[in-house]
2 protein chains.
Amino acid sequence: MHTGIQEIATVTGLSKSTVSRALRGMPTVADTTIDQVRRVADELGYVPSSAAAGLATGRQRAVGVVVPVIDRWFYVKALGGVDAELRRAGHDLVLYNLGGPGGDRGRAFRRSMLRHRVDALVLLSLVLDETERSELEFTHHPVIVIGGPAPGLRNVGVDDLAVTESAVAHLAGLGHREIAYLGGQDEDGMNVAVPHLRRDGFVEAVRSRGLTVREDRMLDGRFSFAGGAAAGAYLFDRAASDRPTAVSCASDEMALGVLLAAAQAGLAVPGDVSVMGIDGHEYGAVVGLTTVAQDPAAQGRAAARAVLAEVDGGSAGPLPAAPTELVVRTTTAPPRVQRGEAARGAR
Amino acid sequence: MHTGIQEIATVTGLSKSTVSRALRGMPTVADTTIDQVRRVADELGYVPSSAAAGLATGRQRAVGVVVPVIDRWFYVKALGGVDAELRRAGHDLVLYNLGGPGGDRGRAFRRSMLRHRVDALVLLSLVLDETERSELEFTHHPVIVIGGPAPGLRNVGVDDLAVTESAVAHLAGLGHREIAYLGGQDEDGMNVAVPHLRRDGFVEAVRSRGLTVREDRMLDGRFSFAGGAAAGAYLFDRAASDRPTAVSCASDEMALGVLLAAAQAGLAVPGDVSVMGIDGHEYGAVVGLTTVAQDPAAQGRAAARAVLAEVDGGSAGPLPAAPTELVVRTTTAPPRVQRGEAARGAR
DNA sequence: CTGAAAGCGCTAACAT
DNA sequence: ATGTTAGCGCTTTCAG
């Protein structure tokens, strides 16, 4: 039926072992033998069985990637990065989508992931609880999280506090003193730390500049475009004098929503209000959104590399923070000088 | 070291086979035995080895999903659907990202995918060439494509011709006779059929209404937001008399770009120009985009179900076309009556 | 440089 | 209802 290592052994007149070694290009095999074996393997259409190899070696040459939900910009980009690096290393990527509130998170962690199907795990922005962590520890698999940080686990990601600080610095540098913040828990209620960190970073950055944080300007946009639009509408539905001069968003998707809300409210950006985001979403480039960009794909690649190295017995030291870059475009500018004077009945 | 079926056999005093059967809850095992075995397995922290099981049964309980690139709305949504259904069935999902022009497509098809790591394959919008098809056939794996159609393979997807027909019907029904089309090859140059089908469908639908297709109004937006914005800018940079009254886009992302271009050109939508898309992207709902919506996640689920059924020896008959729905929102309306009269220096 | 033999952890007849 | 006996297809000592 399916050609196995055995067939090619009989055809070449060699032994299974030699064929096995030749196929993997081991140094102790004669070059001519290697060539011959490879040729015959090709002719026979030989395809190795990862299950058999995995059973024999204990290595599956696959790593699992766990995502809270899959349809978010950051996750998709990071996933792409992980995939690219894995592919390069000849490993397969097994996807575990916890799938929001509906997905049975617990089961996912036990059943499949632990089914020694993978050699290591990459978690995207997940914070695990005690049980999950010990469950993981038990597998002795290298684990790394992207986007974290997650207590007790290595992680790759930006310094979220620094990111919000840099956003506030930009806005404050332009002269803004009335800055609203749009953050919020991810709408799928997964247990992620980033929203909190960014919020804390914002508060800290604002306070450190002697400005006050107004609770009614700390909004929840659920990290989505729609949420951003709703929050923006709420914000811009106030008298000009009660409007912030800038809104700092914890994600570009929300910032995009705010931009839409501003347009619908007849407000000019950045004339009447400055808006900025965090991420570096490609849509932002099109609409001129100022942002603090990060590169999730690069983070994915770095995570994959790190975890693969650990599988190969490499060290498990801490990883450097992923780089970010303030990208100033056209949605931010100094605030109007006389507030209350201008802006009455759009443009 | 790692607890295997053997340990739990010795602890319970049963045989490996009985333990194996109990673990899988086979009917020929006494309920008390099942309970006992399960309990002991839990205590020992037993985790089954999918490699061993796979070797023995020839079933990996995993299916491969091949995507041309991962960061596109449709693929992400469909992937989520496939994942959900697979998870339900207790199968794992192995992701093969061909990764655009850079990814070594050929290698991906041979090396890993064929490495009996999966029991079936789900291809997202891929058209395979001869070699690839025979390569696949050779594996005897059930294969299904989402989004196709792909010659020689089963597929799940909408009727693209009907979709564009429905879009044109809506626009024509409103009275539009000057309709531009925004389609284009996917920017990553993967070998997909959908762009062509939609374009053909549009041309057909327009002609069948006795309207003419102007080549200079058949635009390429590369199926991206940025591409849509660029195409829109090009289109709206003409004298009002030379502007189409509506633009039908082959994807919502491009339509969103056109909307942006319209705003930047000072054109009112749908006052000066009607815009509609295809897909049902969530951003569209926020901006009121009229569209022909489809449900890629549902398509993903259907595909997974079909391919799993085939793995279990089920039939491999053709699948029904996925449903679509015209969603009329606020970006489409009848065209201005006197063309050339109105619209001079926005609002 | 190559061969022989012994598993890896599980499932699957075939008994009993 | 449970035990016995062979493998699944590959890797890996241990010997030549």
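Every heavy atom of this structure was used, including side-chain atoms; hydrogens, water molecules and symmetry mates were not. Every chain is numbered from 1, with letters handed out A, B, ... down the list of sequences.
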Q) Can you tell me how far C1' of C:dC1 sits from CG of A:L14, to the nearest Å? A) 11 Å
(Q) Protein within reach of the bases, or only the backbone? For nucleotides 6-16 of chain D, mark each nucleotide 5' to 3' as B, S or -, using heavy atoms under 4.0 Å. (A) -BBBBBBB---
Q | Short N-O contact, A:R87 and A:D92, less than 4.0 angstrom | A | yes
Q. Is a salt bridge present between B:R59 and B:D312, judged by a nitrogen-to-oxygen distance below 4.0 Å?
A. yes
Q) Shortest non-hydrogen contact from B:T3 to B:L44? A) OG1-O, 3.1 Å
Q | Axial bend angle, the helix from C:dC1-D:dG16 to C:dT16-D:dA1: five-pair end segments, nearest 10° | A | 30°
Q | Side-chain ion pair, A:D71 and B:K77, N-O less than 4.0 Å | A | yes
Q | Side-chain (A:T33) to main-chain (A:V29) donor-acceptor, under 3.5 angstrom | A | no
Q: Mind calculating the distance between CG (B:D35) and C1' (D:dA1) to the nearest angstrom?
A: 15 Å
Q.
Given 3.5 Å as the limit, does a donor-acceptor pair link the side chain of B:D119 with the main chain of B:R61, or not?
A. yes
Q: Write down the distance between CD (B:E7) and P (C:dC8), rounded to a whole number of angstrom.
A: 11 Å
Q) Between the side chains of A:T18 and A:S15, is a donor N or O closer than 3.5 angstrom to an acceptor N or O? A) yes
Q) How far apart are the closest heavy atoms of A:V311 and A:A120, and which atoms are they? A) CG2-CB, 3.7 Å
